[in-house]
Each structure stands twice: as C-alpha cells, then as structure tokens.
Amino acid sequence: MEKILVLDFGGQYNQLIARRVRENHIYAEIKAYNRITSDEIKADNYKGIIFTGGPNSVYDAVSPHFDSAVLELGIPVLGICYGCQLIAYMKNGTVSSAENSSEYGKTLLHVKSNPLFQGVPEKSICWMSHNDYVSKVPEGFTVIAETGKCPCAAMADVQHNIYAVQFHPEVTHTEFGRDILRNFVVDICGCSQDWKMESFIDDRVRKYRTELEGKRVLLALSGGVDSSVAAVLLDKAIGQDLVCVFVDHGLLRKNEGDLVEKTFKNKFGLNLIRVNARKQFLENLAGVREPEAKRKIIGEEFIRVFEKEARKLGKIDILAQGTIYPDVVESGKGESAVIKSHHNVGGLPERMGFERIVEPLRELFKDEVREVGKKLGIPDELVNRQPFPGPGLGIRIIGEVTEERLALLKEADAIFREEVNQAGLETVANQYFAVLTDSRTVGVMGDARTYGYTVALRSVTTDDFMTAEWTRLPYDLLETVSSRIINEVRGISRVVYDITSKPPGTVEWE
Ligand code: XMP
C-alpha cells in the first residue's frame with residue numbers, strides 16, 4: 001500500500017495534515033520523530049514525507065532534530081513551519097529570529113511558478129504562525145514564495161524534490177492549502193490515490209479471514225460507533241467465530257439497548273449475547289453520590305460481568321477492540337505513546353490470557369470509521385451517534401442513581417433529543433442531553449402544588465470536545481422541550497438550560 005509519512009515534531013496540526021493527505025485517497029501515517037529512524041523510513045517504502053510544525057526554535061538545545069540522511073533517500077519531502085526551518089538547518093541554511101519578523105494569522109502570500117504551487121494564483125491568503133524564519137536558503141534551494149514580512153515563505157530544491165513552506169497549508173484559512181498538499185502528494189510524490197474505504201473493507205475482510213481462521217474472537221460491543229463498526233467488519237470476515245458480548249448496564253438512553261440488540265443480532269445476524277445487568281449495577285450504585293466513585297463502580301462491575309460471561313463461552317483466543325487512530329497516535333512532544341484501550345475492558349487481556357488483541361480500525365479517523373460503518377450498512381442513527389460516556393446516564397444523574405430517577409432522566413433526555421433532531425439541529429449541536437439534578441423546586445400544575453426535580457439541558461458545539469461552546473439553540477425549541485418535559489414526565493417540575501462553555505465548564509456535569 002502506498003503511504004505518506006507525517007513526521008511529527010510536536011506541531012498542533014499533525015492529525016489535520018494526515019487527514020488532508022487522506023482526503024486525496026492516499027494513506028498517511030503519523031510517526032513521532034523520535035520513534036522512527038531514517039533507515040526504517042527507507043525500509044518502509046514511503047512515497048513522501050511531511051515534516052510537521054513544532055513549538056520550538058531549531059537552535060534550542062532541546063528542540064527536536066532528525067538524521068539529515070533522510071533528505072538523501074530520494075523520497076520527496078515537504079517541510080511545514082518548524083519543518084521548513086529544520087530543513088534549512090539540516091542543509092546548512094540560516095534560520096533567524098528578528099522581532100519584527102514574526103507573523104500570526106491570515107497573511108498575503110506571493111508565489112513563484114513551481115510544481116508545488118501549480119494552480120495557485122500569484123497572490124493568495126495563507127495562514128502564518130511563527131517567530132523564526134529562514135533568512136538564508138541552503139545551497140541548491142531557491143525561494144519560491146514570500147510575504148510582506150517573510151522573505152522566504154517557501155523554498156525548494158526542485159531537482160531533489162525537497163520543498164518547504166513557512167505557512168500552514170493544512171488549515172482551512174490557507175486559501176489554496178488543499179491544492180498545495182495535493183500537488184505534493186499526487187504530482188511530486190506520484191501517489192496513485194487508491195486508498196478508498198471499499199478497498200479498506202475488502203482488504204481487512206481478506207486479511208482477517210486468513211489470519212483468524214480457526215480462532216474464536218471476543219468483542220465487547222457497547223453500541224458506540226467504533227465497537228459497532230469493528231464488530232460488523234469482523235463478522236464479515238469470520239462470522240460466528242466472532243462472539244460479541246453486549247453488557248447492558250441499564251444506564252443507556254431510552255430504548256438504546258433494544259436498538260443495539262435488534263440491529264446487530266436480528267438485522268446483521270451477529271453472534272451477540274446481551275447481558276441484562278441493570279439490577280446488579282443499580283444495587284452496586286445504591287447510596288453512592290460521588291461521581292468518581294460511581295465511575296469506578298460502573299467500570300469495575302462492567303469488567304466483572306464481561307469476564308463472567310466470557311468464561312461461560314469456553315476457550316477464546318483473541319480479544320477485538322474498536323480502537324481508532326486518534327487513540328493510538330504518538331505525539332512528537334516527547335510523552336510516551338498514548339494507547340487508550342476501551343475504558344471498559346482495559347486490563348482484560350492479561351487477566352484472561354488472550355493470545356493477542358485485534359484492532360481492525362486502528363488506522364482510521366472517526367469520520368473514516370463512520371464512512372466504513374455506512375458502507376457496511378449500519379443504520380445512520382448508530383453510525384452518526386453522538387458521543388456517549390461509558391458510565392452512561394450514571395454520571396448524568398447528580399447524586400444517587402435509583403430506578404425511579406433513571407426512569408425520569410431517560411424520558412426527559414429522549415424528549416430533548418427528539419426535538420433537536422426534528423428541528424434538524426443535530427449538525428450544529430455535537431452533543432446534547434439532559435441531566436437530572438438533585439435539587440427539587442416548587443411548581444404549580446392545575447391548581448395543585450408540585451415539588452419535583454430540576455432537569456438541566458446541555459448542548460455543546462465543538463470540533464474536538466477539548467473546548468466547546470454552548471449551542472445557541474432557538475428559544476422556541478427550548479420552550480417546546482421545557483413544556484413537553486414538564487407535561488409528560490411526572491416528577492420533574494423545572495427545566496433549565498446550561499450556558500457554560502468549556503473551559504471553564506466540562507461537557508458532562510459529573
Ligand atoms: P468532559 O465532560 O470531560 O467531556 O468535557 C468530554 C467528552 O468526553 C465524554 N466523557 C466520557 N466518556 N467515560 C467516557 O467514555 C467518561 O467517564 C466520560 N466523561 C466524559 C463526554 O461525554 C464528552 O463527549
């Protein structure tokens with residue numbers, strides 16, 4: 001398979017660069033600069049290398065460097081921002097820092113005719129974010145772009161296919177950024193653009209059919225996008241040798257457990273075991289009010305139930321997980337690899353003696369996982385499902401989780417989600433749900449005094465869930481939701497809307 005290496009020097013946009021490459025149907029892999037060598041790059045047959053940006057100055061003692069042999073491999077290279085300066089440094093050019101040379105934000109760019117800028121007008125807008133700049137290009141290089149403040153906004157050694165840009169072509173603010181990256185990966189690197197989701201599915205199915213022949217594989221299906229897509233994909237490869245265990249802790253949203261069972265067991269014919277464990281989860285949660293304690297109880301109980309169920313199945317060889325690319329990307333910032341296992345099954349392989357773990361979606365970004373899911377025929381409501389925390393409604397009930405309070409929240413939450421969906425706002429609101437608070441307030445209904453719980457509605461608009469804005473939902477919609485909840489859910493007498501952004505607030509209340 002043809003692939004591009006995104007060599008990560010700790011820049012904040014490394015995943016975005018990989019996404020942009022993949023939009024051209026070319027597979028891109030991110031590797032931290034300190035976890036791959038020049039020899040390994042050569043052996044891996046990359047068609048091109050992109051050096052990412054990074055927070056450092058090339059002259060800092062601690063700044064990330066790389067073996068300059070990488071520039072002699074004959075593989076095309078594109079350096080971005082810090083990556084541009086690093087190339088200049090590696091090739092004995094000069095990088096300078098002058099007070100009036102730093103640029104931040106949208107900047108007018110002038111380019112010269114060049115393979116990298118094929119189809120880019122002489123003047124356009126680019127996105128800059130730098131202090132240092134290349135003040136003298138290395139031998140063999142020419143300046144191919146400039147801005148008002150930066151005499152070398154891009155440079156190239158066309159003969160050796162080494163290019164470098166001071167600006168960020170991967171961000172949307174750079175008007176022709178997509179074209180520039182396309183010119184690099186398609187025209188300069190010569191990739192043939194055959195990385196498609198259909199071929200990904202066929203590839204994987206073929207691979208697992210051989211690799212897992214005669215093995216029994218266990219997967220914890222949560223109903224979330226990643227585990228669902230992993231399950232259907234593996235089912236295509238090994239059918240009944242895949243056993244999916246769906247632990248229904250009772251803290252799912254209204255009708256969700258049934259939907260998961262109906263879809264995967266009945267429609268897809270998966271070998272699925274649903275464990276109805278609501279009662280025991282609630283028993284364990286009785287009297288517990290503290291959020292972290294609730295999380296811990298739910299997580300541990302999940303493992304206990306899952307293990308018990310798995311033991312009943314006899315010998316299982318392999319554990320499958322829905323890990324996706326952002327969970328496994330190693331960052332060049334120096335911290336150790338972040339490998340997030342499904343929070344609910346972490347620790348299981350050692351405890352249960354599996355031969356190994358299989359992660360069919362390990363190379364994919366979330367939107368690619370959704371695309372695979374759609375191609376596999378998984379219904380939209382599951383493929384486009386908003387994020388839902390592992391501990392479920394357990395952390396959306398402030399205070400104690402009881403059968404009655406769970407029922408109130410499920411109803412209120414279902415009404416809110418139904419109205420947002422009906423208004424077609426689910427693309428504006430990225431996560432929206434109800435929270436049952438522990439405060440009760442006085443109300444009147446008819447002539448009678450009521451004394452019920454307060455429900456808070458929470459809706460956030462965000463790209464990455466690291467920061468989030470509260471969604472500006474229309475007043476009329478909020479009014480409909482409020483009035484429906486009060487009228488339809490006996491026991492709730494007040495509805496409020498949460499207008500806290502993140503930070504300082506978090507998305508969830510607990
Ligand atoms: P916060 O509340 O941290 O949420 O702003 C960010 C995103 O993470 C989800 N979240 C969780 N997911 N287990 C999970 O699997 C948890 O304990 C948990 N807590 C928060 C949250 O729903 C949001 O999408």
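One-based numbering, in listed order, for ligands and for the atoms of each. Just so you know, these numbers use all the heavy atoms, side chains as well, and skip hydrogens, waters and symmetry mates.
- In this pair, Tyr104 and Trp127 present their aromatic rings perpendicular. The plane angle is above 60°, beyond the 30 to 60° band.
- Close contacts between ligand 1 and Pro387 involve ligand atoms 24 (O) [criterion: under 4.0 Å to a heavy atom].
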| request: Determine, stepwise, if the pair Lys3 / Glu363 fulfils salt bridge (Lys or Arg N to Asp or Glu O under 4.0 Å). | output: CA-CA 12 Å; Lys3 54 186 181 180; Glu363 289 94 5; over 6 Å; no

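- A donor-acceptor contact shorter than 3.5 Å is absent between the side chain of Arg458 and the backbone of Gln431.
- Counted by atom type alone, Arg278 and Asn276 present zero donor-acceptor pairs between their side chains at under 3.5 Å.
- In terms of N/O distances under 3.5 Å, ligand 1 is not approached by Phe465.
- Taking all heavy atoms of Arg458, Glu510, Arg396, Glu508 into account, the minimum distance to atom 20 (C) of ligand 1 is reached by Glu508.
- Contacts of Pro391 with ligand 1, taken as heavy-atom pairs under 4.0 Å, involve the side chain alone.
- For Pro389, heavy-atom contacts with ligand 1 shorter than 4.0 Å involve the backbone as well as the side chain.
- A cation-pi contact links Arg22 to Tyr325, judged by a cut-off of 6.0 Å to the six-membered ring centre and 45° from its axis.
- By the neighbour-count criterion of 12 heavy atoms within 6.0 Å, atom CD of Glu290 is densely surrounded, having more than that number from other residues, nucleotides or ligands.
- Within the listing of ligand 1, atoms 13 (N), 14 (C), 15 (O) sit less than 4.0 angstrom from a heavy atom of Gly390.
- Annotation: Ile395 places no N or O atom under 3.5 Å from an N or O atom of ligand 1; distance criterion only.
- Among Lys502, Gln386, Arg295, the residue whose heavy atom lies nearest to atom 17 (O) of ligand 1 is Arg295.
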